Enquirer: 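Take this structure first; my questions come after.
Here is the naming used below: chain letters follow the sequence lines, and residue numbers restart at 1 for every chain. Since the structure is predicted, the reported quantities are computational estimates derived from the model, not experimental observations.
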Number of protein chains: 2
Amino acid sequence: MVAALSELPRPDPAVEELVGSVHGILQSVLHRVHPALEAERISMGQFWALHFVASLGSKGLSTVARYLALSAPSVCAKVDELEAAGLVVRHRAERDRRIVELRLTPKGRKVEARLWEEIATVVGRAADDVPRDDLATAVRVFQDLRARLDGATVPPRSGA
Amino acid sequence: MVAALSELPRPDPAVEELVGSVHGILQSVLHRVHPALEAERISMGQFWALHFVASLGSKGLSTVARYLALSAPSVCAKVDELEAAGLVVRHRAERDRRIVELRLTPKGRKVEARLWEEIATVVGRAADDVPRDDLATAVRVFQDLRARLDGATVPPRSGA
DNA sequence: TATTGTTATACTCTATAACTATA
DNA sequence: TATAGTTATAGAGTATAACAATA
């Protein structure tokens, strides 16, 4: 039993620290932004959908679904809600009429901007006394990591 | 309309980049770890509960709930499952018999270790060519941010 | 045939309210 | 009276399967 445990030493503590911190931060931030989301009458999931529709720029629904790591039907339902709220519009692409392109409405852009403003305030306050260089390094490291992780984008979800 | 938009400039782009990257990374990582979770027969939520039970060291259920940013009943249900799976044990504290302390079983420790090993592998692979110093800086920045954000731990959830 | 999106349906997760027991 | 935990129940969120339209 003891032997079995020693065959499973804690892996690189830096990784656990990093992932644990990341998880904790994201939770804290999103938790604090919750009131702002309620004020805009949208859910967390809708916010991230809005974010990817905005940042991917007129891509099809399934592309957005892939970035959200959600199934197409889930995203389809979310888009229904965002469309009903007047934040997003669908329209068929001409060159391939199977594809439904998504775009933010002006209202959608405003809502997204307000929410990022809120997040920036929360994070900015916490990052207040973090040296600018260190913060810039952290941003760069995370962009690199994301690029590397997204690079071999996870296949739809093949088992194991 | 244009004027209204210009009153809402994109906030500090570094913050949006950072939070966006963090969100993307966490999603990628957790998505990739999904098969390992399935192999251990536990859900993502159960994994994080396991993590906090392990890292908080014999704290009560509601403390764990606060760290998970979940309601007590939700965590209570999760602990039921973890206990049924033989990963966690409950026992009443003697000094205050209202409190239910939580601890990992040896099996729970092994499962947690294996999953962190998997996460470390995934992240480690992506972090392969990131300079060690930069990675260390990122870890430090995130620990600071988390400490700052957790510091004024979000109250139970007062509206607005 | 393969792909994009949608609809129908069931399951998991989470929360609020009400209850028990300790303090 | 207040706090820790549990039970009961309802609501979001998500997935899989089956379908429609287009390539």
Side-chain angles (χ1 to χ4, degrees), chain A residues 27 30-31 34-35 37-38 41-50 52-53 56 58-85 88-103 154-159, chain B residues 27 30-31 34-35 37-38 41-50 52-53 56 58-85 88-103 154-159:
Chain A
Q27 290 223 124
L30 298 182
H31 204 221
H34 205 262
L37 289 169
E38 281 181 337
R41 310 303 229 94
I42 72 174
S43 70
M44 196 78 78
Q46 288 167 349
F47 166 66
W48 284 114
L50 202 62
F52 281 112
V53 170
L56 290 173
S58 281
K59 285 292 172 52
L61 185 146
S62 56
T63 301
V64 174
R66 192 156 40 77
Y67 276 83
L68 286 167
L70 293 177
S71 69
S74 296
V75 175
C76 186
K78 271 200 224 304
V79 171
D80 286 346
E81 296 158 359
L82 292 174
E83 203 172 26
V88 159
V89 289
R90 281 182 235 236
H91 74 97
R92 293 274 167 190
E94 281 116 30
R95 44 161 203 154
D96 183 342
R97 297 190 51 72
R98 290 173 303 182
I99 295 173
V100 170
E101 291 179 346
L102 303 172
R103 285 186 209 154
V154 184
R157 185 174 292 177
S158 52
Chain B
Q27 291 225 122
L30 298 183
H31 204 220
H34 205 262
L37 290 170
E38 280 182 337
R41 310 303 227 92
I42 71 175
S43 70
M44 195 79 79
Q46 288 167 348
F47 166 66
W48 284 114
L50 203 61
F52 281 112
V53 170
L56 290 172
S58 281
K59 285 292 172 51
L61 184 146
S62 56
T63 300
V64 174
R66 192 156 39 76
Y67 276 83
L68 286 167
L70 294 177
S71 68
S74 295
V75 175
C76 186
K78 271 199 223 306
V79 171
D80 287 346
E81 296 158 1
L82 292 173
E83 203 172 26
V88 158
V89 288
R90 281 182 235 238
H91 74 97
R92 292 274 168 191
E94 282 116 30
R95 45 163 201 150
D96 183 342
R97 298 190 50 73
R98 290 173 303 182
I99 295 173
V100 170
E101 291 178 347
L102 303 171
R103 286 185 209 155
V154 183
R157 184 176 293 178
S158 52

Enquirer: Donor-acceptor pair, distance only, cut-off 3.5 Å: does the side chain of B:Glu83 make one with the backbone of B:Arg90?
Expert: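 Checked: pair present.
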
Enquirer: Give the rounded distance in Å between these two atoms: NE2 of A:His31 and P of C:dA15.
Expert: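 So the two atoms are 8 Å apart, to the nearest Å.
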
Enquirer: Nearest-nucleotide wise, let me know which of A:Gln46 and A:Arg95 is further upstream toward the 5' end of DNA chain D.
Expert: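 Per heavy-atom nearest nucleotide, the more 5' residue is A:Gln46.
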
Enquirer: Roughly how many Å is it from CZ in A:Phe47 to P in D:dG13, rounded to a whole number?
Expert: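 The answer, rounded to whole Å, is 15 Å.
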
Enquirer: So what does B:Ser71 hit on the nucleic acid, given a heavy-atom distance under 4.0 Å: a base, only sugar-phosphate, or nothing?
Expert: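 Result for B:Ser71 = base.
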
Enquirer: Only one of A:Thr63, A:Val89, A:Val64 forms a side-chain contact (heavy atoms from CB on, under 4.5 Å) with A:Val53, so which one is it?
Expert: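 Running side-chain contact (heavy atoms from CB on, under 4.5 Å) over A:Thr63, A:Val89, A:Val64 with A:Val53 returns exactly one hit, A:Val64.
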
Enquirer: How long is the line joining CD1 of A:Ile99 and P of C:dT3, in whole Å?
Expert: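 A:Ile99 atom CD1 is separated from C:dT3 atom P by 13 Å.
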
Enquirer: On DNA chain D, check which nucleotide each of A:Glu94 and B:Asp96 is closest to and give me the residue with the more 5' one.
Expert: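 Here B:Asp96 is the residue nearer the 5' end.
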
Enquirer: Looking at C:dA23, C:dT14, C:dA17, which one has an atom nearest to any side-chain atom of B:Arg97?
Expert: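 Among the listed nucleotides, the one closest to the side chain of B:Arg97 is C:dA23.
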
Enquirer: Output yes when at least one side-chain N/O atom of B:Ser62 is less than 4.0 Å from OP1 or OP2 of D:dG5, else no.
Expert: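 Yes, because at least one side-chain N or O of B:Ser62 sits under 4.0 Å from OP1 or OP2 of D:dG5.
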
Enquirer: Grab the CD-C1' distance between B:Glu83 and D:dT6 for me, whole Å please.
Expert: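 Value for this atom pair: 13 Å.
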
Enquirer: Using a cut-off of 4.0 Å on non-hydrogen atoms, how would the nucleic acid contact of B:Gly60 be classed: base, sugar-phosphate, or nothing?
Expert: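 The residue B:Gly60 makes sugar-phosphate contact but no base contact.
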
Enquirer: The side chain of A:Ala72 is closest to which nucleotide in this list: D:dT6, C:dT6, C:dT14?
Expert: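 For A:Ala72, the side-chain atoms sit closest to C:dT6.
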
Enquirer: Taking the side chain of A:Asp80 as heavy atoms from C-beta outward, which of C:dG5, C:dT7, D:dT7 is closest to it?
Expert: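 Nearest to the side-chain atoms of A:Asp80, counting from C-beta on, is C:dT7.
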
Enquirer: What integer distance in Å separates A:His91:NE2 from C:dT6:P?
Expert: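 Those two atoms, NE2 and P, are 13 Å apart.
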
Enquirer: D:dA4 P sits how many Å from B:Arg92 CZ, rounded?
Expert: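 Whole-Å distance recorded here is 12 Å.
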
Enquirer: Provide, to the nearest angstrom, the distance between the CH2 atom belonging to A:Trp48 and the C1' atom belonging to D:dT14.
Expert: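 Taking atom C1' of D:dT14 as the reference, CH2 of A:Trp48 is at 18 Å.
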
Enquirer: So, the side chain of B:Gln27 versus the backbone of A:Leu68: is there a donor-acceptor pair under 3.5 Å, distance only?
Expert: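 Present.
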
Enquirer: Please round to the nearest 0.5 Å and tell me the distance separating atom NE2 of B:His34 and atom OG of B:Ser43.
Expert: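 Answer for the NE2-OG pair, B:His34 versus B:Ser43, is 8.5 Å.
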
Enquirer: If you assign A:Pro73 and B:Gly45 each to the DNA chain C nucleotide with the nearest heavy atom, which residue ends up on the more 5' nucleotide?
Expert: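 The answer here is A:Pro73.
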
Enquirer: Is any side-chain nitrogen or oxygen of A:Arg98 closer than 4.0 Å to OP1 or OP2 of C:dT6?
Expert: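 Answer no for this pair, as no side-chain N or O of A:Arg98 is under 4.0 Å from OP1 or OP2.
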
Enquirer: When you compare the side chain of A:Val100 with that of A:His91, does any pair of heavy atoms fall below 4.5 Å?
Expert: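 Not touching, per the 4.5 Å side-chain cut-off.
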
Enquirer: C:dT3 P sits how many Å from A:Arg66 CZ, rounded?
Expert: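 So the two atoms are 14 Å apart, to the nearest Å.
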
